[in-house]
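Because the structure is predicted, anything quoted here is derived from the model rather than measured. For reference, positions follow the sequence shown, starting with 1.
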Amino acid sequence: TAGKGGSGGSGFSYGTVGGGGGSYFQCEINTINAQTTAFNNMINGRETTGSDFRAWGGSITFDNDGSTIWNYDWTDDTLASNESDLYSVALHELAHALGFGGTLWSSLVTAGKFTGANSTLANGGVQVSTSPGADHWINGTNSKVLSGGPVQETALDPSILNGTRKLLTDLDVAGLKDIGWQINPFFSYLYDPADLDTDGDVDDADFGIAFAAFTGPNNGPSGNPAADLDYDTDVDDADFGIAFAAFTGPGGAGVVPEPASLVMLAVAGVVVSRRRRA
């Protein structure tokens, strides 16, 4: 296990006074319960509405017994095949500290499916399967990197391959929204939606992918996901307009390169280890 994270909380307990076998009268118990409820509401509901995630505090820990070879450079996503990416693990555990997989999350899980409306929409209208503990997406769940990036394994499934980096995906953010977080709609990793081969530029290779998708057997309502540039679940004239504008606009090929730290790179060779995150 590379890391663990979770949200905190607050509460009280009470027992007999002085250890002498005495007990509380019911009116005293009622007073204690009322004061406890008021105090918890004051702490957990600090400056929020009832729909917000409100747990108090949280904690994150990372493996430090020498068995994990950490990559600490968050600016470079080129990892050795035996390295665990601290950036990816920290991102995952921070989401747990924000309530992903917690009590409110669990209230939206039914028969191994997460029923949150935002997550269902981000998953093509299908409720998302959860891991056996119901506190992650099921292992191997994929989604587009937020927003407009390539498809990758979600940041909030239970494990990550050594030698790889995971970024937040649309589905991960939708899960946070389902437990009450307000998401900045303009937040993005700055991928150009027309960079269909995700190599950091927009050129003839991307246009070839787009042209094949728009003219091939998979165009139309069912669509080719690679060419759904406006993310409305179909491939149509609107998508082609986005592609055409990117390919022919100011700067032409090569416009809007992606930051090097955000380019998803395939790791050559055999990956031999997948680390668990809790």
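- Ring to ring, Trp181 and Phe100 are not that close: their centroids are 6.0 angstrom or more apart.
- For the residue pair Lys166 and Ser88, the shortest heavy atom distance occurs at N-OG, 2.8 Å.
- Taking CG of Asp85 as the reference point, atom CZ of Arg165 lies at 4.0 Å (rounded to 0.5 Å).
- Rounding to the nearest 0.5 Å gives a distance of 13.0 Å between OG of Ser7 and CH2 of Trp105.
- Leu108 and Ile138 sit in two unconnected hydrophobic clusters of ILVMFWY residues. Membership requires side-chain heavy atoms under 4.5 Å apart, directly or through other members.
- Scanning all heavy atoms of the two residues, the minimum distance from Ile179 to Leu104 falls at O-CD2, 3.2 Å.
- Side-chain atoms of Gln35 never come within 3.5 Å of backbone atoms of Ile32 as a donor-acceptor pair (strictly under, hydrogens ignored).
- Thr169 places no side-chain N or O within 3.5 Å of a backbone atom of Ser143 that could act as its donor or acceptor partner.
- Between the side chain of Thr164 and the backbone N or O of Ile160 there is no donor-acceptor pair closer than 3.5 Å.
- Both Leu167 and Trp74 belong to a single network of hydrophobic side chains, linked directly or stepwise wherever heavy atoms of I, L, V, M, F, W or Y lie under 4.5 Å apart.
- In terms of the side-chain contact (heavy atoms from CB on, under 4.5 Å) criterion, residue partners of Ala90 (sequence neighbours excluded) are, by chain and number, Phe62.
- Proximity of Leu168 to Val145: side-chain heavy atoms (C-beta onward) are nowhere separated by under 4.5 Å.
- Heavy-atom minimum distance, His96 versus Gly5: CB-O, 3.3 Å.
- Note that OG of Ser159 and NE2 of His136 are 9.0 Å apart. Values are rounded to the nearest 0.5 Å.
- Taking a cutoff of 4.0 Å between a charged side-chain nitrogen and a carboxylate oxygen, Glu93 and Lys4 do not qualify as a salt bridge.
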Report task. Tell me, with the steps shown, if Asn71 and Tyr87 meet side chain to side chain contact (heavy atoms under 4.5 Å, CB included). Result -> CA-CA 8 Å; Asn71 168 62; Tyr87 177 92; over 6 Å; no
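- The two residues Ala122 and Ala174 come nearest to each other via the heavy atoms CB-CB, 3.9 Å.
- Under the 4.5 Å side-chain heavy-atom criterion for Ile, Leu, Val, Met, Phe, Trp and Tyr, Val109 and Val128 are members of the same hydrophobic cluster.
- Although no hydrogens or angles enter the test, the distance criterion places a donor-acceptor pair under 3.5 Å between the side chain of Thr120 and the main chain of Gly116.
- A side-chain hydrogen bond (donor to acceptor under 3.5 Å, both in side chains) with Trp137 holds for exactly one of Thr130, Asp157, Asp172, Asn123; it is Asp172.
- Side-chain contact of Ser84 with Asn162: a donor-acceptor pair under 3.5 Å is present, judged by distance alone.
- A heavy-atom distance below 4.5 Å is not found between the side chains of Pro150 and Lys144.
- Within the 4.5 Å cutoff, side-chain heavy atoms of Asp73 are placed close to those of Asp76.
- Between the CG atom in Leu171 and the CG atom in Leu121 there is a gap of 10.5 Å [rounded to 0.5 Å].
- Looking only at atom types and distance, the side chain of Asp178 has a donor-acceptor partner in the side chain of Asn118 under 3.5 Å away.
- To the nearest 0.5 Å, the span separating CD on Glu153 from OG1 on Thr141 amounts to 7.5 Å.
- In this structure, Ser131 and Pro158 approach most closely via the heavy-atom pair CB-CG, 3.9 Å.
- With respect to Ser67, the side-chain contact (heavy atoms from CB on, under 4.5 Å) criterion is satisfied by exactly one of Ile69, Asn64, Asp65: Asp65.
- Rounded to the nearest 0.5 Å, atoms CD (Glu28) and CG (Asn33) are 12.0 Å apart.
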